[in-house]
Amino acid sequence: MRTEDLIHFCAPGRLIIGNGTRHQLPQLLARLGYRSGVLVTDAFFVEKTPWVHEYTEAAGRLGIATLVYPGGLPDPTTQLCDEATAILRQQLGGEQPDHVIALGGGSNIDLAKALSLTLPQGQPIGAFTGDIGGCRPLPLIALPTTSGTGSEATPGAILLDPANATKIAVMDNALRPQIALIDPEFTYTCPPKVTADAGIDAFTHAIESFLTLDCARFDRGGSPDPGYSGRSALTMLFAKASMRLCFAWMERAYQHGDDTEARVGMAYASIYAALSYGTAGLNAGHGIAYAVAGQTHKSHGSTNAVMLPYVLDALCGTRQSELAEVAGLMGLATSCPDESARRVPVAVRAMIGRLDIPTDLRAFGVEERMLDALVTDALAVTRLAKAFPVADAALAYRQIVLNAWEGRLSGQA
Ligand SMILES: NC(=O)c1ccc[n+]([C@@H]2O[C@H](COP(=O)([O-])OP(=O)(O)OC[C@H]3O[C@@H](n4cnc5c(N)ncnc54)[C@H](O)[C@@H]3O)[C@@H](O)[C@H]2O)c1
């Protein structure tokens, strides 16, 4: 029993999951009294799927007007958000929408989160980084189309700042969607690379939050309403359930995108992971991955993937029993907890390789001269470094980056 837990669990207001549930949305929004929305998506969904048209027609019949913004792009920038704010406010002609809908992967959901803050007054999104200052965003309804980011359940929007090529976070519990509607059928059209990147992102969320700092030790910065607050028995339940589903279905969904059971399995894996990390938070894996993304401009999932085995290896001491438990979920446990724990990073790296993602920094295109900057940039994300459960995060980050460059794991044969 974790008697020290101090839980501050946060989740979306409503969580709706199941094949075909998207068809319930117009009636639900009408029932909740919404009348005028903005739907944020990208060209793929407007041009290649019937979903946007289906939704706007059905909502219109119930008296809900919807303005569609089709300009979402992967890894949205602050500049894209500011341009979208100006375009939408002009199209709205002074009318105030009463909700924002996000349809897409984490990129469109994050753009919609940012727009839920900027649309009412028209400020640049840069005005909200760090602290949203008590501002009330428009209610957000998130419809994820990838099984990965879990942004539909988190308090943050991640945007790229083109001025210095780093990712910035706009964070507040008020940014958690009012409704997260997970219809696994949305994911059936995901191409293999998007499926792999998103799947490993979900798995990283699950395992990183399973191993992160305990809630009783987490620095909440004095906030009475922290967005992230460390792991607890509750978050660890979701993390474990998510890992089990990832082991069962992730590779299958990548290899056989038409396997509907695998698609549904990964939809659950993704939201369970989000219900864990969306409260527990993350640490070195994402911290170093952000720095790798800043230098290589590779996808979010692949930057997580290349770092993950080496981050897990660094935790074989302080998180031995938890890693041995993960070894059990993978069918790798032996009678020796240390050996079991050290088998996990090796097996996770092999799994990442089977998703055709490079498994060391050299193969990922990182040059040796970039390593120092990677460590410095990663440590600069202090909220993630502080949550890494080791005695000396700076020392650990340096060793992780070196190991990742050399492809060295303590448990490898
Ligand atoms: N806010 C958070 O809590 C959080 C957490 C993790 C990641 N993120 C962010 O999420 C982004 C990554 O999101 P992602 O991995 O979901 O990918 P994505 O949203 O960037 O989408 C990648 C590509 O896949 C396409 N796509 C998405 N769904 C599809 C579908 N069903 N069928 C066909 N094509 C589809 C998109 O159109 C896009 O071209 C990054 O910017 C990352 O920073 C945010």
Side-chain angles (χ1 to χ4, degrees), residues 8-13 40 72 74-78 80-81 100 102 104-118 125-142 144 146 148-161 166-180 198 201-202 204-206 208-209 212-213 218-221 223 225-231 235 238 270-271 273-287 289-291 293-294 300-301 303-304 378 380-387:
H8 190 92
F9 187 78
C10 301
V40 178
D75 295 326
T77 60
T78 50
L80 176 69
C81 178
V100 175
S107 295
N108 293 351
I109 298 176
D110 283 6
L111 178 61
K113 277 185 183 171
L115 288 168
S116 74
L117 273 171
T118 58
I125 188 64
F128 298 100
T129 54
D131 183 1
I132 73 166
C135 177
R136 307 308 306 165
L138 294 168
L140 179 68
I141 294 102
T146 58
T149 74
S151 179
E152 66 277 9
T154 71
I158 313 287
L159 301 173
L160 202 66
D161 181 354
T166 54
K167 285 192 169 179
I168 56 151
V170 182
M171 200 102 64
D172 196 282
N173 279 329
L175 285 173
R176 289 186 201 263
Q178 301 283 313
I179 302 172
D201 193 23
T204 306
H205 294 151
E208 204 173 322
S209 59
T212 201
L213 203 63
F218 197 93
D219 176 5
R220 301 179 185 199
S223 172
D225 188 29
Y228 296 108
S229 53
R231 67 174 187 171
T235 63
F238 284 114
S270 173
I271 185 64
L275 291 172
S276 171
Y277 95 93
T279 285
L282 299 168
N283 52 63
H286 271 68
Y290 285 149
H300 179 71
T303 52
N304 280 331
V381 190
T382 49
R383 73 188 158 83
L384 297 176
K386 277 198 301 192

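Positions are given from 1, in the same order as the sequence printed here. The structure presented is a predicted model; accordingly, all values stated were derived computationally and were not measured.
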Shortest non-hydrogen contact from L275 toward A11
CD2-CB, 4.0 Å

Report yes if the side chains of L213 and N283 come closer than 4.5 Å at any heavy-atom pair, otherwise no.
no

Does any N or O in the side chain of N108 come within less than 3.5 Å of the main-chain N or O of A102, such that one atom is a donor and the other an acceptor?
no

Do any N or O atoms from the side chain of T212 and from the backbone of G230 form a donor-acceptor pair under 3.5 angstrom?
no

Could you measure the distance from the NE2 atom of H286 to the OG1 atom of T303? Nearest 0.5 Å is fine.
7.5 Å

To the nearest 0.5 Å, how far apart are CG in L80 and CG in D110?
11.5 Å

Please list, chain by chain and in numerical order, all residues satisfying side-chain contact (heavy atoms from CB on, under 4.5 Å) with D225, sequence neighbours excluded.
H8, N173, S223

Can you check whether P12's main-chain N or O pairs, donor with acceptor, with R176's side chain at less than 3.5 Å?
no

side-chain contact (heavy atoms from CB on, under 4.5 Å) evaluation trace for L384 with Y290
CA-CA 11 Å; L384 297 176; Y290 285 149; 3.8 Å; yes

What's the spacing between I109 CD1 and I141 CD1 if we round to 0.5 Å?
12.0 Å

Do C81 and L111 come close enough that some side-chain heavy atom pair is under 4.5 Å?
yes

Please name the pair of heavy atoms, one in S276 and one in S209, separated by the smallest distance, quoted to 0.1 Å.
OG-OG, 2.6 Å

Indicate the atoms forming the closest heavy-atom contact of A169 with R383, along with that distance.
CB-NH2, 4.0 Å

For T149 and Y277 the tightest heavy-atom approach is O-OH, 2.6 Å

Would L175 and L140 count as a side-chain contact (heavy atoms from CB on, under 4.5 Å) if you check the C-alpha gap in whole Å, the side-chain angles of each, and the deciding distance to 0.1 Å?
CA-CA 8 Å; L175 285 173; L140 179 68; over 6 Å; no

Would a distance-only check, ignoring hydrogens and angles, find a side-chain to backbone donor-acceptor pair under 3.5 Å from S116 to P139?
no

To the nearest 0.5 angstrom, please state how far the CD1 atom of I132 sits from the CG atom of D172.
3.5 Å

Measuring from atom CG of D161 to atom OG1 of T78, what distance do you get when rounded to the nearest 0.5 angstrom?
4.5 Å

Quick one: pull up OH in Y228 and OG1 in T235 and give me the separation to the nearest 0.5 Å.
12.5 Å

Please find the pair of heavy atoms, one from K113 and one from S151, that lie closest to each other, and give the distance.
NZ-O, 2.8 Å

Heavy-atom pair with the smallest gap, counting every atom of D201 and G301
CB-CA, 4.3 Å

Do the rings of H300 and H205 sit parallel, tilted or perpendicular, given the 30° and 60° boundaries?
tilted

